[in-house]
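Take a look at the structure set out below.
Note on naming: letters A, B, ... go to the chains in the order of the sequence lines (proteins, then strands), and numbering restarts at 1 for each one. Values below: every heavy atom of this structure, side chains too, minus hydrogens, waters and symmetry copies.
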Amino acid sequence: MELDKLPQFTEYEPRLSTWWVDNDFFKPNTNSTKKPFTIILPPPNANAPLHAGHALYVVEDILVRQARMEGRPTLFLPGTDHAGIETQFVFEKKLAEKGRSRLDFDRETLYKMIHDFVHKNRGIATSQLKRLGFSLDWSREKYTLQDDILKTVNATFKQMHDDGLVYRDERLVNYCTHCGTGFSNLEVDHKDSIGKLWHINYGPITIATTRPETIYADVAIAVNPHDDRYKDLIGQTATVPIINKKIPIIGDEAVEMDFGTGALKITPGHDVTDFEIGERHGLDRISVIARTGNMQNVPEFLEGMFPRQARKATIEKLTEVGALVKEEVYEHSVAICYRCKNVIEPLLVPQWFIKVESIVEKVIEKLDAGEVQVFPTRFDKDLRRWLETAPDWNISRQIVWGPRIPAWYNLTENPLIEVTFVDKNGKNVTGVYNDIKEDYSIDEIRNGLQSLVAPVNTPYVTEPPTPGAETTSLQNPYLQETDTFDTWFSSGQWPLTTLGFPDSDDYKMFYPTTVIDTMWDILAFWVMRMLMFGVYKTGEVPFEWIHMHSRVVDGKGAKMSKSKGNVVNPLEIVETYGADALRFALMFGIAPASDIPLGDEKLVGGRNFVTKMWNVSRFILGHTENIELPTEPPSGLTEDDKSIIEKYNTVLSKVSSIFEIDDADNADKFQFSRGLDALYDFMWNEFASVYIEQTKDRLAGDDTQSAQAALWTLMTVWTNSLKLLHPFMPFITEEIYQHLPTKNDESISISPWPERL
RNA sequence: GAGCUCGUAGCUCAGUUGGCUAGAGCGUUACAUUGACAUUGUAAAGGUCGUUGGUUCAAGUCCAAUCGAGCUCACCA
């Protein structure tokens, strides 16, 4: 029963991690009649290694390990996410390094290339999760793009469509006319730019604008209704110069009185603020910039120009007609394409939307009823605000990497659909089908298809019209929508899809899940969507608790970022200090949902604690050779023995109360730091520094009864303390447990949660 | 502009519903120790709990104001 001089965590941590999985300790014990405990792992990006934030899965692992020891059927289910935009972004960067672009490939080829790229990297994150010791049931691992998941995701879309919750509408998207595609906000760079602010006379009122080339798309002038200068003009008309179009003057509080002239030209087709004002007042949307980047719907002298040329020409014309009041230098930031650095135009592009109001109402009812609760409670307010102000959800993305929206258009019946494809000679073609149908067959378009844009009112079907034949039949005039689902549309159904909704045994047993734990930054994106899908599909919330964890920052409290160079790799920490030390550093002395400064001092502290555990165990085990360990509590316990047992009982209830999350009055729930602090103090100061010193003489003395009482107390209290510590620091506790004569179970991870002594 | 969080020892942070001489880790100082201890143990120094006012028998904790820091959302055409 000799232990090495030092704990060799680089040896035992990976060994135990594999051993746990190989022996199925993390598969749920479904024989128990206790209430199941379920956590679905928030899926990390399948394509990227873990970062420091992922180490916070330790919060979930602590809960899961404790529940497992309580004897509850406990499931911690792993999976990975295809991370649509981010992954395609990374892949395209790699393409760019080789001088290629996504526009060189048809969508099917591109999809396959990204798929292969992700497939190569998929193992990295999963092996890291294992190395960190998370007690996941790998036999149930899922991936967001696997067939059974997609089947449910598509079924949800169809159900929502049948319920009348799906519609198409035009919205402004960040569109790069040079690259011919839309981007998400994440993909847009901003550049400070010195431009000009032109003051232009519209008859009774003068406006200020940075974009005079869009005046042809103006549909109104807006002023602030509290603006004494202008409020009497509301209801009158103004005149767009050059084209002499009459437009109404309206009042809207979004207009800043202090900016420019205090009067704003409303151009819903080309500006996000204007779009919203236009929505409020029921105004038309006019597009004067085509997706090709050329001017359209403009006076003849501008036709076909690019916006920059049109701006110059418009200024000249305004000067000529005397409408230009003045121009001033103005600094602002403009959105530019991350790839080609050209200016991003907000353009009207048809998008897919989900009506959220009826679903959100039900979610709020569940919140009110306490069926789902938020910890810490201050985030309840945030969640409600997101729910109450949730606009209809744009679920479509103009990217390839993701589940393609299951809607099909009949091309011959809707020839105004615009298609972009690579023709059989490898050339990029964009055109309205009606204009190009003489030159290209539907098959040629389909085979090289990159994207299509169907006008908003184009009819569609939600099943492939000729199942299995849609990509081959010469007669088939249908093309599938090329937009893909927003990543959150599929990951929002994660608690359902991973458990095999609607009729699997797992779903019946483990849904609703117990806790979801994430950082607050995706409360609106992900947690809210899971609530919506859960309630919509099952009538039940997908989890009982929403637990918000902390953000990992560097040792000085600064946010980690690549540009600052202070990003830490959790696996490097594990190599240097051990996974237990990392887990300790993340939990010790931390208030719920506050920042976690992760510096070397903290990690050293964790490693030293591991060493301390080890040495205490060496001391106790060193005496099992010459003193017989009683199997029953001996009668001759001293005051010292009774005192340490009493202190153990106090710590036991303190640690246990962290996990009593169903108790409404329990102020200690989820207070991991308090439990760990108490354990640390007890094990190191009370037990090791005080009690062990008290026993040394007795263990070495001639009084066998006293020695046995001391050894029994040492061994019993220590074994139970290790069990209390196990959810927090699983490796060292398991490694020691395997050497204990008091070991009653194959693994400490499945041993019963200790009781009072 | 709206909202949220924070300001406690040299550093990083705890401090549950207000209640004994305000705590931890790291750091500092002194002494001890080859011990179960990549050291550890004992002890010490170090805080007007941002500032001001209020409620209370009692305030780090509640309220108001103020100063400072950080974050989120919305953003100026």
Side-chain angles (χ1 to χ4, degrees), chain A residues 3-9 195 197-200 207-212 214-215 218 221-222 224 252-267 270-274 276-277 330-333 376 378-379 381-382 385-386 389 520-521 523-524 550-551 553-559 577 584-585 588-623 654 657-658 665-671 673-674 676-678 680-681 684-685 688-690 692-693 695-696 699 714 718:
Chain A
L3 294 185
D4 287 346
K5 187 111 170 79
L6 293 172
Q8 304 292 345
F9 60 81
L197 196 57
W198 286 275
H199 292 238
I200 302 169
I207 60 92
T209 182
T210 57
R211 304 211 59 189
T214 64
I215 63 170
D218 290 353
I221 300 293
N224 195 300
D252 195 288
E253 309 227 344
V255 181
E256 296 284 333
M257 289 186 268
D258 312 336
F259 190 87
T261 64
L264 173 62
K265 77 186 191 72
I266 301 302
T267 320
H270 294 285
D271 182 275
V272 176
T273 307
D274 295 8
E276 286 165 6
I277 293 174
Y330 177 61
E331 248 180 84
H332 62 139
S333 75
R378 66 187 145 97
F379 290 103
K381 208 189 286 179
D382 284 338
R385 186 169 53 89
W386 288 118
T389 62
W520 33 259
D521 60 345
L523 194 58
S550 318
R551 184 179 56 177
V553 296
D554 73 11
K556 294 183 183 120
K559 188 175 174 178
Y577 299 100
F584 176 90
F588 191 76
I590 298 298
S594 61
D595 284 353
I596 300 179
L598 187 58
D600 285 339
E601 304 83 9
K602 204 86 176 288
L603 292 161
V604 169
R607 189 191 56 191
N608 287 351
F609 189 39
V610 169
T611 306
K612 191 71 181 179
M613 296 304 97
W614 188 256
N615 281 308
V616 169
S617 306
R618 287 183 70 207
F619 173 82
I620 299 173
L621 289 172
H623 289 89
K654 202 154 193 165
S657 66
I658 297 170
D665 299 325
N666 176 15
D668 285 328
K669 67 168 77 92
F670 297 120
Q671 301 284 351
S673 180
R674 287 183 208 169
L676 183 57
D677 290 0
Y680 178 92
D681 180 59
W684 195 312
N685 298 322
S689 297
V690 177
I692 282 187
E693 293 305 321
T695 62
K696 278 184 177 171
L699 293 169
L714 280 169
W718 190 242

What's the gap between [N] and [M] when it is taken at their [atom1] atoms, as a whole Å value?
| N | M | atom1 | result |
| --- | --- | --- | --- |
| G7(B) | C62(B) | P | 11 Å |
| U48(B) | C4(B) | P | 31 Å |
| U28(B) | G10(B) | P | 15 Å |
| C63(B) | U5(B) | P | 11 Å |
| C31(B) | A45(B) | C1' | 15 Å |
| U61(B) | U8(B) | P | 13 Å |
| A59(B) | C13(B) | P | 28 Å |

Is the distance from OP1 or OP2 of [N] to the nearest side-chain N or O of [X] less than 4.0 Å?
| X | N | result |
| --- | --- | --- |
| S689(A) | G41(B) | yes |
| W520(A) | C4(B) | no |
| S594(A) | U5(B) | no |
| N685(A) | A24(B) | no |
| K381(A) | C4(B) | yes |
| T209(A) | C76(B) | no |

What contact category does [X] fall into here, base, sugar-phosphate, or nothing, at under 4.0 angstrom with non-hydrogen atoms?
| X | answer |
| --- | --- |
| K265(A) | nothing |
| Q671(A) | nothing |
| D271(A) | nothing |
| W198(A) | nothing |
| I692(A) | base |
| A688(A) | base |
| P7(A) | base |
| K669(A) | nothing |

Worksheet item: Just wondering, do M257(A) and V255(A) contact through their side chains at under 4.5 Å, heavy atoms?
Response: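 The answer is no, as the side chains (C-beta and beyond) never meet within the 4.5 Å cut-off.
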
Fill in: Side-chain ion pair, R385(A) and D382(A), N-O less than 4.0 Å
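Salt bridge: yes.
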
Worksheet item: Any Lys/Arg nitrogen of D668(A) or K654(A) sitting under 4.0 Å from an Asp/Glu carboxylate oxygen of the other?
Response: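 Here D668(A) does not pair with K654(A) in a salt bridge, since their nearest N and O are not under 4.0 Å apart.
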
Practice prompt. Starting from P on U40(B), measure out to NZ on K696(A) and report it in whole angstrom.
Written response: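 So the NZ-P distance, K696(A) to U40(B), works out to 14 Å.
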
Fill in: Whole angstrom value for the distance that separates P of G7(B) from CG of D595(A)
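After rounding, the gap between these two atoms is 12 Å.
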
Discussion item. Please compare D382(A) and R674(A) by the position of their nearest nucleotide in RNA chain B and report the one closer to 5'.
Written reply: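 Upstream on the strand: D382(A).
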
Discussion item. Taking the nucleotide of RNA chain B with the nearest heavy atom to each, does S617(A) or L264(A) sit closer to the 5' end?
Written reply: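 Looking at RNA chain B, the more 5' nearest nucleotide goes with S617(A).
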
Worksheet item: Is it true that the side chains of T210(A) and W198(A) contain a donor and an acceptor less than 3.5 Å apart?
Response: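 No, W198(A) and T210(A) have no side-chain donor paired with an acceptor closer than 3.5 Å.
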
Worksheet item: Are side-chain N/O atoms of S657(A) and N666(A) paired as donor and acceptor at under 3.5 Å?
Response: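 No.
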
Of the options [options], whose atoms approach the side-chain atoms of [X] most closely?
| X | options | answer |
| --- | --- | --- |
| R385(A) | G25(B), C73(B), C76(B) | C73(B) |
| P597(A) | A36(B), A14(B), U12(B) | U12(B) |
| D677(A) | G41(B), A36(B), A14(B) | A14(B) |

Can you tell me whether the side chain of [X] and the base of [N] have a donor-acceptor pair closer than 3.5 Å?
| X | N | value |
| --- | --- | --- |
| E276(A) | A74(B) | no |
| T611(A) | A38(B) | yes |
| K602(A) | A24(B) | no |

Discussion item. When both hydrogen-bonding distances must be under 3.5 Å and the geometry is Watson-Crick or G-U wobble, what is G46(B) paired with, if anything?
Written reply: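 For G46(B), the partner nucleotide comes out as none, under the 3.5 Å rule.
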
Worksheet item: How far apart are the closest heavy atoms of A688(A) and K612(A), and which atoms are they?
Response: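 Where A688(A) meets K612(A) most closely, the heavy atoms are CB-CE, 3.7 Å.
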
Worksheet item: Are F588(A) and F609(A) near enough that their ring centres are under 6.0 Å apart?
Response: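 No, they do not, as the ring centres are separated by 6.0 Å or more.
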
